[in-house]
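To start, the structure itself, in structure tokens.
This chain uses plain numbering: 1 for the first residue, then up along the sequence.
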Amino acid sequence: MSSNSTGVDFFVIKALEDGVNVIGLTRGTDTRFHHSEKLDKGEVMIAQFTEHTSAVKIRGKALIQTSHGEMKTEAE
Ligand code: TRP
């Protein structure tokens, strides 16, 4: 359940190394990269899925928290 006024849950990505890439993929029939955000170690990105973004790809070592749980992209 969402706990903010937009009605869409946020997810959190914390970079565990320098140069983590958070890549937003477009919603709709055409699935392509539309945004790439680079995070250095310790930086945090808080984001939502939107009308423009239906999927997110994360490259590099990161901690990800969603309403479905918490995971790391890589084993320690
Ligand atoms: N302009 C994008 C959008 O509204 C910004 C964005 C939202 C985004 N969530 C994202 C970019 C997740 C990358 C990853 O959809």
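For the pair F11 and Q48, the tightest heavy-atom approach, listed with the atom from each and the gap, is CE2-C, 3.6 Å. Closest of all the heavy-atom pairs between A62 and I58 is CB-CG2, 4.1 Å. Scanning both residues, A15 and V20, for their nearest heavy atoms gives CB-CG2, 3.8 Å. Across every non-hydrogen atom of T53 and R27, the tightest pair is O-NH2, 3.0 Å.
Looking at residues two or more places apart in sequence or on another chain, you find a salt bridge (Lys or Arg N to Asp or Glu O under 4.0 Å) between D30 and R32.
Contact annotation: the side chain of Q65 never approaches that of F10 to less than 4.5 Å [non-hydrogen atoms, C-beta and beyond]. By the 4.5 Å heavy-atom criterion applied to side chains, T26 and H52 are not counted as neighbours. Between V56 and I23, the closest side-chain pair of non-hydrogen atoms is not below 4.5 Å. For the pair L39 and V22, the minimum side-chain heavy-atom distance is below 4.5 Å. In this structure, the side chains of I64 and T73 come closer than 4.5 Å at one or more pairs of heavy atoms.
To the nearest 0.5 Å, atom NZ of residue K72 and atom NZ of residue K14 are 9.0 Å apart. Note: E74 CD to L63 CG = 13.0 Å, rounded to the nearest 0.5 Å. Rounded to the nearest 0.5 angstrom, S36 OG and R59 CZ are separated by 7.5 Å.
There is a path of hydrophobic side-chain contacts, each under 4.5 Å, that joins M71 to F49. By the criterion of side-chain heavy atoms lying less than 4.5 angstrom apart, applied directly or through intervening Ile, Leu, Val, Met, Phe, Trp or Tyr residues, V44 is not grouped with L16; the two fall into different hydrophobic clusters.
For residues 35-48, there are no salt bridge (charged side-chain N to carboxylate O under 4.0 Å, His left out) pairs, not counting sequence neighbours.
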